[in-house]
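Chain letters run A, B, ... following the sequence lines, proteins first, then strands; residues in each count from 1. All values derive from a computational prediction rather than experimental measurement.
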10 protein chains.
Amino acid sequence: MALETFPNPHPDRHYTIDHVVHEFTSVCPKTGQPDFARIRIRYVPGPRCVELKSLKLYLQGFRDKGIFYEDVTNVILNDLVAACSPKWMQVKSRWSTRGGIHSVITAGHGRPDSPASPSPS
Amino acid sequence: MALETFPNPHPDRHYTIDHVVHEFTSVCPKTGQPDFARIRIRYVPGPRCVELKSLKLYLQGFRDKGIFYEDVTNVILNDLVAACSPKWMQVKSRWSTRGGIHSVITAGHGRPDSPASPSPS
Amino acid sequence: MALETFPNPHPDRHYTIDHVVHEFTSVCPKTGQPDFARIRIRYVPGPRCVELKSLKLYLQGFRDKGIFYEDVTNVILNDLVAACSPKWMQVKSRWSTRGGIHSVITAGHGRPDSPASPSPS
Amino acid sequence: MALETFPNPHPDRHYTIDHVVHEFTSVCPKTGQPDFARIRIRYVPGPRCVELKSLKLYLQGFRDKGIFYEDVTNVILNDLVAACSPKWMQVKSRWSTRGGIHSVITAGHGRPDSPASPSPS
Amino acid sequence: MALETFPNPHPDRHYTIDHVVHEFTSVCPKTGQPDFARIRIRYVPGPRCVELKSLKLYLQGFRDKGIFYEDVTNVILNDLVAACSPKWMQVKSRWSTRGGIHSVITAGHGRPDSPASPSPS
Amino acid sequence: MALETFPNPHPDRHYTIDHVVHEFTSVCPKTGQPDFARIRIRYVPGPRCVELKSLKLYLQGFRDKGIFYEDVTNVILNDLVAACSPKWMQVKSRWSTRGGIHSVITAGHGRPDSPASPSPS
Amino acid sequence: MALETFPNPHPDRHYTIDHVVHEFTSVCPKTGQPDFARIRIRYVPGPRCVELKSLKLYLQGFRDKGIFYEDVTNVILNDLVAACSPKWMQVKSRWSTRGGIHSVITAGHGRPDSPASPSPS
Amino acid sequence: MALETFPNPHPDRHYTIDHVVHEFTSVCPKTGQPDFARIRIRYVPGPRCVELKSLKLYLQGFRDKGIFYEDVTNVILNDLVAACSPKWMQVKSRWSTRGGIHSVITAGHGRPDSPASPSPS
Amino acid sequence: MALETFPNPHPDRHYTIDHVVHEFTSVCPKTGQPDFARIRIRYVPGPRCVELKSLKLYLQGFRDKGIFYEDVTNVILNDLVAACSPKWMQVKSRWSTRGGIHSVITAGHGRPDSPASPSPS
Amino acid sequence: MALETFPNPHPDRHYTIDHVVHEFTSVCPKTGQPDFARIRIRYVPGPRCVELKSLKLYLQGFRDKGIFYEDVTNVILNDLVAACSPKWMQVKSRWSTRGGIHSVITAGHGRPDSPASPSPS
């Protein structure tokens with residue numbers, strides 16, 4: 001499923017967009033068992049923003065794919081960066097418990113320009 | 001609805017005002033369906049402060065407007081900045097879940113002057 | 001009600017005192033309706049500390065006063081600074097919901113000296 | 001009750017130890033009424049670590065002592081610093097509500113050396 | 001039990017892996033009583049990543065070992081660093097309450113290189 | 001908007017369906033101000049079940065209607081009972097805070113037959 | 001302040017109305033100190049319902065009254081019963097902590113008729 | 001996938017078994033979109049108990065099936081009852097939010113015999 | 001310390017009073033170590049109510065007493081019943097964790113007369 | 001390890017004792033992997049009460065035992081009933097997540113006599 005984008009409506013401002021995807025599932029390539037995660041995508045948009053429905057369908061494309069935690073997190077980041085050229089982007093995946101352990105993978109792209117409005121507190 | 005303001009009662013001090021609006025609704029321009037959000041407005045006032053009742057009425061003005069998440073967040077920021085010339089302002093909108101995804105947009109204006117009283121901890 | 005103070009028992013150390021007042025009420029000067037807030041006072045003491053019972057009585061003095069959120073927060077800060085000359089002080093007021101909006105005002109005084117024991121984490 | 005210590009098993013590493021004491025009680029010197037607190041002790045150990053059982057007994061020694069919030073926090077810090085010469089230490093006491101106000105006192109000693117492993121978060 | 005590793009699938013990117021182990025138990029060397037902890041392992045991978053199942057089995061190896069809080073935290077860190085040469089690693093152990101006190105030990109290795117994607121907020 | 005229904009797929013079993021609507025808004029007939037609520041609909045289906053999408057659209061039909069809390073709760077109940085003839089139904093509306101007060105209205109229809117599977121605990 | 005009522009819009013149905021008042025304050029007749037409470041009023045309406053704004057103003061009438069916890073709870077119940085003749089009513093007051101103790105008083109009037117729609121679970 | 005069972009190790013006692021399945025996904029037959037749920041299965045075992053691993057695999061069998069909320073809940077109940085003949089069983093499915101609405105379906109089988117150990121409180 | 005009482009201001013009504021004491025400490029008769037608990041006292045008053053300040057002082061009387069969990073709970077109940085002759089009373093003590101176990105003891109006196117206002121839900 | 005008991009200090013009263021054991025571990029007989037649970041024991045004591053330290057040691061006796069969830073819950077109940085002849089007893093075990101499923105087993109003994117002090121609410 002191709003990721004669709006739309007023009008950033010406020011391209012001159014340095015602001016952040018944060019999408020939390022509650023329903024993500026892929027397959028463990030080692031055991032063939034399904035994995036479940038919550039995916040958080042945060043970015044400072046460049047020229048274009050990610051369209052939400054195509055993002056949902058793109059992530060559904062992993063439903064039957066065998067792929068490891070570390071890999072899928074980086075693949076999603078790479079695909080999103082390629083699609084919308086953000087100024088900064090971070091993808092975080094929180095996986096449900098396996099064998100008494102739960103894991104969180106966080107990968108990022110770019111370095112935020114001096115932001116226009118850091119918090120004063 | 002015009003935003004009303006009143007003179008900052010302590011214009012010499014660098015302090016922050018934070019309004020959390022629990023009840024915001026607008027319309028998705030693509031589907032015509034209502035969207036719901038919580039809007040948080042934080043600012044360091046300049047010469048004038050935003051009057052709370054007019055803020056409520058101003059935000060109710062979006063009830064029937066078709067407008068995207070990213071756009072409405074930046075529009076609110078622009079209107080508030082124009083109305084009260086804050087030293088710093090940030091608008092954050094948290095949207096309810098759509099298709100298993102919820103989104104948060106954060107836009108800011110200005111850069112806090114060296115604040116008079118940062119937290120020591 | 002006058003604010004009472006006592007000598008800082010450890011004047012050579014840079015440390016913080018934090019009082020959270022759960023029960024504060026004043027009156028809205030516009031509508032005549034009562035307002036309710038939680039007030040948080042944090043400071044690095046100088047030569048003197050604020051006595052807790054007199055603080056309680058001082059804050060009860062606002063029970064019948066008509067005063068706006070922004071103003072009362074700064075007035076409390078000014079009075080406390082005058083009473084105990086802290087190295088740093090911050091007053092934060094969190095107000096209960098009015099018209100679907102709740103507000104938080106944060107004002108500070110001074111700048112923390114290079115603190116003796118910042119957190120390493 | 002004397003505080004006991006044991007040799008730091010990893011003296012070359014810069015790491016933190018954090019003890020949260022849920023059950024602390026002393027007496028208000030003004031009213032004679034019991035006070036209750038939660039005490040948090042965090043430190044980067046130097047040559048020696050605090051032995052946990054002697055810490056418990058040391059803190060029980062305040063059960064019948066009349067002492068103010070600010071004072072007891074600094075006294076505990078001083079005693080612990082004298083006992084184990086930490087690279088950095090912080091003592092935080094959170095007191096239960098009195099007259100609708102609860103208080104938190106935080107005192108520290110030393111300045112963390114450039115830590116070996118700050119969080120990249 | 002030997003720790004197994006696998007090649008970092010994205011060795012060029014600076015990203016973090018975070019494993020939270022809910023079920024850890026060892027034995028107090030002083031009392032012979034079992035201790036229980038939650039162990040959190042966060043790292044920026046270098047050439048290799050820790051394999052999750054071998055991590056589980058490695059940690060189960062402490063089930064009958066008599067070892068102190070401070071020691072076990074540093075031993076786990078040392079073993080993991082030796083196994084996978086991370087760019088940065090932190091091990092945090094949170095122990096269940098003993099005598100009204102619970103403890104948290106945090107040890108780290110390395111210093112994060114200038115990370116590729118710090119958070120803008 | 002008409003409520004649509006579909007045949008109960010398991011008409012012989014006594015079971016419950018529970019829909020929680022997070023996004024409901026209507027208008028106060030007295031002040032003209034928008035009201036916001038969370039609506040919970042629980043029922044034991046009879047011959048037919050309520051179709052979820054038509055339920056959403058039906059409830060959106062109150063967006064511009066001036067109607068009191070007590071009334072709208074009973075009207076929704078009446079309309080749903082007329083549409084699907086449940087064995088038992090309960091409608092609960094939780095309204096957001098107005099003047100420091102929030103309200104909950106609960107109305108029901110019918111009496112549950114001796115249910116086939118009450119909880120044993 | 002007189003309590004106002006309006007005709008029950010659905011007098012034939014047995015349903016419940018629940019008002020939670022977050023902001024209540026009165027005065028302790030013994031110490032002269034202000035008391036704070038959260039008041040919950042639940043009832044099955046008879047011929048008339050309590051009007052919300054007059055309820056708010058009625059409760060504000062206790063702001064300067066010296067009255068004990070047990071008494072004020074029963075007085076509110078008596079006044080509300082006299083005003084609207086409910087089929088059943090319960091008033092619960094939760095008071096903020098005094099001397100390490102917080103109190104809850106619950107008083108009721110009437111006995112619910114066999115309700116039309118008890119919960120099946 | 002067939003459900004496997006094992007003999008109830010304590011067939012003479014009336015006791016309950018409660019399995020909470022955090023990771024369930026099926027497909028909406030109308031939209032083709034994936035649905036996600038948490039499934040709770042509680043039962044008083046008869047002659048046999050459900051084997052946990054086969055339960056997991058059985059529920060994974062719905063991953064690609066198009067089936068409505070109400071139907072899948074009853075189908076799971078029917079299959080489990082057929083497999084292990086419980087004295088009482090209840091299946092509850094909590095579905096993630098769709099269009100601002102989340103749903104819970106609860107179906108049961110049998111009636112608990114007079115249980116041997118009801119709670120006294 | 002003697003328990004004081006005052007006349008029930010509404011002796012004809014069947015209502016409940018609930019006091020939650022956050023700060024209770026006694027001594028373990030076996031180990032000599034302090035124990036900490038939260039005590040909850042609920043009752044339907046008869047002719048007299050327990051005065052709050054004398055209740056606080058009465059409970060402080062256990063500060064240096066060696067007494068077991070089960071015993072102190074019943075002793076408090078007996079003393080309170082003797083002092084105020086309630087129609088019904090329940091005392092619940094929740095003790096802080098010892099050896100990984102925390103305990104709750106609940107003892108009661110009397111049987112509530114047919115209460116005047118049971119909850120309809 | 002034998003369970004020790006002591007004489008019920010208030011044998012004439014019908015009251016409940018509730019022990020929550022946060023730290024329980026046994027071994028899965030099928031996989032050899034450790035299992036972890038929280039065990040809750042509630043009972044109305046008869047002639048004797050369970051001594052807390054011996055309870056802790058008794059439960060530690062399962063640390064290396066291979067035993068299923070359902071079995072261990074009933075075995076603990078049987079052993080405790082044999083040791084102290086309670087009027088009523090319930091044992092509940094909550095197991096940590098395995099394969100995305102967590103389980104709770106609840107077994108009871110006896111039937112509470114008409115309790116002396118049921119809750120009126």
Report summary line: Between B:Arg13 and C:Ala107 the two heavy atoms that sit nearest each other are CD-CB, 4.0 Å

Heavy-atom contact with chain C under 4.5 Å, split by part of [X]:
X	answer
B:Leu52	both
B:His22	both
B:Phe24	neither

Is any side-chain heavy atom of [X] less than 4.5 Å from a side-chain heavy atom of [Y]?
X	Y	value
B:Val20	C:Ile101	no
B:Tyr15	C:Ile105	yes
B:Phe6	C:Glu70	yes
C:Thr73	B:His10	no

Query - Modelled atom types, side-chain donor and acceptor of C:His102 and B:His19, under 3.5 Å - result: no

Query - chain B contact via C:Phe68 - side chain, backbone, both or neither, heavy atoms under 4.5 Å - result: neither

**Report entry** Region of C:Ser93 that comes under 4.5 Å of a non-hydrogen atom in chain B
**Finding:** neither

Report summary line: Heaviest contributor of heavy-atom pairs below 4.5 Å to chain B, chosen from C:Asn74, C:Thr106, C:Val104, is C:Asn74

Query - With sequence neighbours excluded, residues passing side-chain contact (heavy atoms from CB on, under 4.5 Å) with C:Val27 - result: G:Arg63

Query raised in the report: Quick one: side-chain contact (heavy atoms from CB on, under 4.5 Å) partners of B:Thr31, sequence neighbours excluded?
Result: B:Cys28, B:Gln33

Report summary line: With chain C, the option among B:Ile41, B:Asn8, B:Val21 that has the most non-hydrogen atom pairs under 4.5 Å is B:Val21

**Report entry** Carboxylate-amine/guanidinium contact C:Lys30 B:Glu51, below 4.0 Å
**Finding:** yes

